[in-house]
Every structure is written in structure tokens, then in C-alpha cells.
Novice: 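Encoded as C-alpha cells, here's the structure I'll be asking about.
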Number of protein chains: 2
Amino acid sequence: MANSLDTIFAALADPTRRAILSMLLEDDMAVTDVAEPFEISLAAISKHLMILTRAGLIAQEKRGRVKWCKLEPDAMRNASVWMQGFGQFEPVNLDAFERFLETELDSTPE
Amino acid sequence: MANSLDTIFAALADPTRRAILSMLLEDDMAVTDVAEPFEISLAAISKHLMILTRAGLIAQEKRGRVKWCKLEPDAMRNASVWMQGFGQFEPVNLDAFERFLETELDSTPE
DNA sequence: TAGACATTCAACCATTTGGTTGACGATCCC
DNA sequence: GGGATCGTCAACCAAATGGTTGAATGTCTA
């Protein structure tokens with residue numbers, strides 16, 4: 001049920017949720033801290049996080065009264081792989097390939 | 001306006017629309033032929049095609065009374081590249097990387 | 001024990017979405 | 001010209017979505 005392309009793509013379709021994912025790229029965060037930069041209510045953020053969780057894009061773990069959110073990249077990779085099936089029509093697709101390599105080399109120093 | 005991640009991911013979130021894209025992977029098709037395998041009305045299919053077009057995922061061209069639909073892979077690649085930024089958290093991300101290379105090498109014989 | 005804090009729940013609202021049906025505008029062909 | 005075919009438009013409908021507010025739950029701490 002999680003990881004279905006339906007729920008993954010639907011989750012990614014919202015800019016607030018994509019922004020949350022980008023924030024989690026930096027570090028795991030508590031719900032309140034996730035909500036801080038946005039102008040919508042905490043309850044709304046809570047719903048967004050629920051949708052991301054059901055899609056399998058993040059995982060939430062409660063420690064004490066704080067619920068931590070962390071990225072769960074597997075779901076996104078499933079969707080990414082599905083999409084790559086459509087790249088084969090381009091002459092070469094070098095563009096995406098290069099950027100892929102760049103982020104790969106660029107961001108794994110440790 | 002087309003090619004925004006919002007509209008692209010929203011378009012991909014519907015199983016009917018993903019099925020249409022897969023069909024177009026085989027060949028360009030007329031609207032009526034796109035609709036044939038589905039059990040919903042032609043008008044509904046027409047709406048789906050409009051959404052895919054606005055997202056930039058397909059292009060439609062009218063020749064005579066027939067409107068041809070063809071895949072437009074650039075939009076999907078934009079989304080794919082965005083998503084690949086999230087792969088870096090995996091230990092290595094070799095899985096997606098390999099498949100990426102495979103489809104790349106596998107499908108560009110000409 | 002009493003607040004204060006972190007988060008969700010419940011009820012509600014407006015808008016969007018995916019579907020329907022029927023009428024309509026083009027276009028092809030006899 | 002007239003009928004069949006291709007596709008969209010318009011009006012409508014039910015359900016889902018993204019937001020709100022206020023109350024409720026659970027946990028930490030003074």
C-alpha cells in the first residue's frame with residue numbers, strides 16, 4: 001500500500017510536501033521544526049507529514065513527546081526507476097546522466 | 001507553466017494517465033485509440049489527455065479530424081532529475097544507478 | 001502536581017478532481 | 001449535401017484535497 005506509484009506521485013505533487021522533503025535532505029527534524037518556515041498551521045503540516053509517511057517517502061519515529069521525521073529514499077527511487085523507462089526515447093539522455101553523476105560525486109565526501 | 005513539478009507529478013499520480021503514457025511508449029496514437037482499452041467515456045479520456053498535455057508530458061497534433069498524441073519525454077526527465085537528488089542518502093545508490101545505465105545502454109542501438 | 005510543550009483529532013469549509021451525459025463543431029466520404 | 005466519425009464543450013455530481021480552528025492526548029519539567 002505504501003510505495004504505490006499513485007500515492008508517491010500524489011504526495012510529490014504538492015509544493016509544500018516537496019519543500020519538506022528538501023528540508024529533510026539536510027537532517028532529520030521534529031514536526032514543530034518542519035512547520036516553522038511555513039505559514040500554514042501545524043495541523044496542516046501534520047497532515048502533509050501523514051501523506052508523506054503513507055507514501056513511504058518519510059518515516060516518523062516518536063521519542064518522548066517529539067516525533068522525528070526522516071527521509072526514506074526507497075519509495076522515491078521506485079518512482080524514479082519507473083520514470084526512467086521513459087527516457088529511452090531521447091537521443092542520449094546525457095543531461096540527466098551527468099547531473100546524476102554530479103550529485104553522486106559531489107555529495108558523498110564522508 | 002507546463003513542466004512545473006506540480007503539474008507533472010499531479011499528472012503522474014493517476015493510474016489511467018500512467019497507463020496512457022505507457023501505451024504511447026509503443027507508438028503515437030489517436031485519441032479514440034487511446035480510449036479504446038479503458039472503460040471510461042471518451043470525454044474523460046480527453047480530459048486526461050489535456051492534463052498530460054498541460055503538464056508537458058505529451059504533445060497533441062491534429063491532422064484532419066484525427067488528433068495524434070505522442071510522448072514528450074523532456075517533462076518527465078525534469079521530474080526524474082529532481083528526484084535523483086534524493087538518492088544520495090542511500091549508502092551508495094548503486095541500484096538505481098545500474099538500472100539507469102542499463103536502460104541507457106540497452107535502448108540506444110541507433 | 002501543575003503548567004508548558006508537541007502533536008494529533010474532529011468538525012468544518014472551499015476548491016479541485018475524475019467521472020457522467022448530451023449537445024456541438026469539424027472533417028471525411030458517398 | 002448528408003450521414004458517419006472524431007473529439008471537445010458544458011453542465012452537473014460525488015469524492016478527495018488542503019486548509020482552518022478548537023479541543024484532546026501525551027510527555028517533559030519546575
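Chain letters run A, B, ... following the sequence lines, proteins first, then strands; residues in each count from 1.
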Novice: Starting at atom CD1 of B:Ile20, determine the distance to atom C1' of D:dG7, rounded to an integer number of angstrom.
Specialist: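 Taking atom C1' of D:dG7 as the reference, CD1 of B:Ile20 is at 14 Å.
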
Novice: What nucleotide, of D:dA11, D:dG19, D:dG7, holds the atom closest to the side chain of B:Ala30?
Specialist: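 For B:Ala30, the side-chain atoms sit closest to D:dG7.
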
Novice: Using the closest heavy atom to pick a nucleotide of DNA chain D for each, name whichever of B:Gln60 or A:Leu42 lands nearer the 5' end.
Specialist: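 Checking each residue's closest nucleotide, the 5'-ward one belongs to B:Gln60.
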
Novice: Given D:dT20, is OP1 or OP2 found less than 4.0 Å from the side-chain N or O atoms of A:Ser41?
Specialist: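 True: A:Ser41 side-chain N/O within range (under 4.0 Å) of D:dT20 OP1/OP2.
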
Novice: Whole Å only: how far is the CD1 atom of B:Ile45 from the P atom of D:dT8?
Specialist: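 To the nearest whole Å, that distance equals 11 Å.
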
Novice: Do B:Leu57 and B:Leu71 make a side-chain contact, defined as non-hydrogen atoms from C-beta onward lying under 4.5 Å apart?
Specialist: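 Side chain of B:Leu57 against side chain of B:Leu71, heavy atoms only: no contact under 4.5 Å found.
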
Novice: Describe the nucleic acid contact of A:Ala43 in one word from base, sugar-phosphate, nothing, applying a heavy-atom distance below 4.0 Å.
Specialist: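 It contacts base atoms.
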
Novice: Under 4.0 Å from OP1 or OP2 of C:dT7: is there any side-chain N or O of A:Ser46 that close?
Specialist: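 No, outside the criterion.
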
Novice: Name the nucleic acid region contacted by A:Lys62, choosing base, sugar-phosphate or nothing; use a 4.0 angstrom heavy-atom cut-off, strictly under.
Specialist: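 A:Lys62: no heavy atom of the nucleic acid under 4.0 Å.
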
Novice: Any luck finding a side-chain donor-acceptor pair between A:Glu36 and A:Thr32 under 3.5 Å?
Specialist: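 No, because no side-chain N or O of A:Glu36 sits under 3.5 Å from a partner of the opposite role on A:Thr32.
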
Novice: Without decimals, in angstroms, what is the distance between B:Leu12 CG and C:dG18 P?
Specialist: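 Atom CG in B:Leu12 sits about 12 Å away from atom P in C:dG18.
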
Novice: Counting side-chain heavy atoms from CB outward, which of D:dG7, C:dG19, C:dT7 is closest to A:Thr32?
Specialist: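 Within the option list, the nearest is C:dT7.
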
Novice: Do B:Leu12 and A:Leu5 come close enough that some side-chain heavy atom pair is under 4.5 Å?
Specialist: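 Side-chain contact under 4.5 Å: no.
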
Novice: Starting at atom CZ of B:Phe9, determine the distance to atom C1' of D:dT17, rounded to an integer number of angstrom.
Specialist: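 Checked: the CZ to C1' distance equals 18 Å.
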
Novice: Going by modelled atom types, is there a donor-acceptor pair between the base of C:dT7 and the side chain of A:Arg65 at under 3.5 Å?
Specialist: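 For A:Arg65, whose side chain was compared with the base of C:dT7, there is no donor-acceptor pair (under 3.5 Å).
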
Novice: Nearest whole Å is fine: how far is C:dA6 P from A:Glu61 CD?
Specialist: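 Taking atom P of C:dA6 as the reference, CD of A:Glu61 is at 18 Å.
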
Novice: Would you list the pairs meeting ring pair (Phe, Tyr, Trp, His ring centres under 6.0 Å) in which at least one residue belongs to residues 52-85 of chain B, sequence neighbours left out?
Specialist: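 Matches after skipping sequence neighbours: B:Phe9-B:Trp82, B:Trp82-B:Phe86.
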
Novice: Atom CG of B:Leu52 and atom P of C:dG18: how far apart are they, to the nearest Å?
Specialist: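 The distance from CG of B:Leu52 to P of C:dG18 comes to 10 Å, rounded to the nearest Å.
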
Novice: Can A:Asp27 and A:Lys70 be counted as an ion pair, charged N to O under 4.0 angstrom?
Specialist: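 A:Lys70 and A:Asp27: not salt-bridged.
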
Novice: To the side chain of A:Ile40, which of D:dG19, D:dA11, D:dG7 is closest?
Specialist: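 Output: D:dG19.
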
Novice: To the nearest Å, how far apart are A:Glu36 CD and C:dC5 P?
Specialist: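 Between P of C:dC5 and CD of A:Glu36: 16 Å.
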
Novice: Roughly how many Å is it from CG in A:Leu49 to P in C:dA6, rounded to a whole number?
Specialist: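 The distance from CG of A:Leu49 to P of C:dA6 comes to 15 Å, rounded to the nearest Å.
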
Novice: With a 4.0 Å cutoff (strictly under), does any side-chain N or O of B:His48 reach OP1 or OP2 of C:dT17?
Specialist: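 No.
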
Novice: For A:Arg63 and D:dT27, is the shortest distance between a side-chain N/O and OP1 or OP2 below 4.0 Å?
Specialist: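 Checking D:dT27 against A:Arg63, no side-chain N or O comes under 4.0 Å of OP1 or OP2.
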
Novice: Taking only side-chain nitrogens and oxygens of B:Lys67, does any of them come within less than 4.0 Å of OP1 or OP2 of D:dT8?
Specialist: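 Yes, such a contact exists.
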
